[in-house]
Undergrad: 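Dumping the structure here so I can ask a few things about it.
Throughout, a chain's letter reflects where its sequence line sits, starting with A, and its residues are numbered from 1. If you're wondering where the values come from, they're calculated on a predicted model, not measured in any experiment. Excluded from the calculations below are hydrogen atoms, water molecules and symmetry mates; all remaining heavy atoms, backbone and side chain alike, are included.
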Amino acid sequence: QLQLQESGPGLVEPSETLSLICNVSGGSISSSSYYWGWIRQPPGKGLEWIGNIYYSGSTYYNPSLETRVTISIDTSKNQFSLKLSSVTAADTAVYHCARLNSLGYYFDYWGQGTLVTVSS
Amino acid sequence: IRMTQSPSSFSASTGNRVTITCRASQGISSYLAWYQQKPGKAPKLLIYAVSTLQSGVPSRFSGSGSGTDFTLTISCLQSEDFATYYCQQYYNYPYTFGQGTKLEIK
């Protein structure tokens, strides 16, 4: 059974860089059948897509975040990561990693999510 | 592409048939998915390609629609169905979600 698990600091100071890792188990991140993505959800609010990455390293970002986001992949460790720079309180959210089925690019497996709070 | 769900919230009783609507600001063909989210949990994929049930999802869930107007129907509400539901378009980037529909027990 595929499992995704996010990890990283739960508190980040304003103007700093948020860094998270998604560890994938029960399946290979190098499969050509899937993309891997990040989605966030501010407390009490809806879902916002951040970006996707393919095993080859090709990335696609939400234009609203594109200047601040970097998603990378490490196939040797079966994990991918998110970096979001110059964070503000508006970036406080639960961050989920997920798998996208390349047949349709919907999110078929999700990590449980990790809350990141931006505060000094 | 803006995705608008209606209603934003409503109450229903177990055994009821309920329908949630999702409207896209432009045509998205059949590139629509539905997710269920319970408090403190990750969203769970219910339906993709408008009407295809994800493996393991009960048959009381169904989806329909095309172009810009879509619906999620739960034919006979069970206690475990009280949750928030989101639609999502994957027709083009950036992928976007509806604002959510919270289904509460009456």
Undergrad: For chain B, find which of N62(A), N101(A), I39(A), L47(A) contributes the most heavy-atom pairs closer than 4.5 angstrom.
TA: L47(A)
Undergrad: Given a strict heavy-atom distance threshold of 4.5 Å, which part of Y95(B) is in contact with chain A: side chain, backbone, both, or neither?
TA: both
Undergrad: Kindly work out whether a path of hydrophobic side-chain contacts (I/L/V/M/F/W/Y, heavy atoms less than 4.5 Å apart) joins Y95(A) to I21(A).
TA: no
Undergrad: Please classify the contact of Y60(A) with chain B as side chain, backbone, both or neither, using a heavy-atom distance under 4.5 Å.
TA: side chain
Undergrad: Does F61(B) have more than 12 heavy atoms from other residues, nucleotides or ligands lying within 6.0 Å of its CZ?
TA: yes
Undergrad: What distance separates K44(B) NZ from Y109(A) OH, expressed to the nearest 0.5 Å?
TA: 11.5 Å
Undergrad: Verify the neighbour count for atom CZ of R68(A): are there more than 12 heavy atoms of other residues, nucleotides or ligands below 6.0 Å?
TA: yes
Undergrad: For R2(B), is the CZ atom crowded, meaning more than 12 foreign heavy atoms sit under 6.0 Å from it?
TA: no
Undergrad: Counting only heavy atoms not in Y31(B), do more than 12 sit closer than 6.0 Å to its OH atom?
TA: no
Undergrad: Are W49(A) and T96(B) side-chain neighbours, meaning at least one heavy-atom pair lies under 4.5 Å?
TA: no
Undergrad: Checking heavy atoms, do the side chain of A49(B), its backbone, both or neither come under 4.5 Å from chain A?
TA: neither
Undergrad: Step by step, would you call Y93(B) with N52(A) a side chain to side chain contact (heavy atoms under 4.5 Å, CB included)?
TA: CA-CA 10 Å; Y93(B) 289 117; N52(A) 297 344; 3.5 Å; yes
Undergrad: State, yes or no, whether a side-chain contact exists between S64(A) and P94(B) at a heavy-atom distance under 4.5 Å.
TA: no
Undergrad: How far apart are the closest heavy atoms of W110(A) and A42(B), and which atoms are they?
TA: CB-CB, 3.8 Å
Undergrad: Is there a donor-acceptor contact under 3.5 Å linking the side chains of Y105(A) and Q89(B)?
TA: no
Undergrad: Using every non-hydrogen atom in the two residues, find where Y35(B) and F107(A) come nearest and quote the distance to one decimal.
TA: OH-N, 2.9 Å
Undergrad: Is there a path of hydrophobic side-chain contacts, each under 4.5 Å between heavy atoms, that joins F80(A) and L2(A)?
TA: yes
Undergrad: Would you mind reporting whether Q99(B) and K45(A) have side-chain heavy atoms less than 4.5 Å apart?
TA: no
Undergrad: Mind listing the closest non-hydrogen atom pair of K41(B) and H96(A) along with its distance?
TA: O-CE1, 4.5 Å
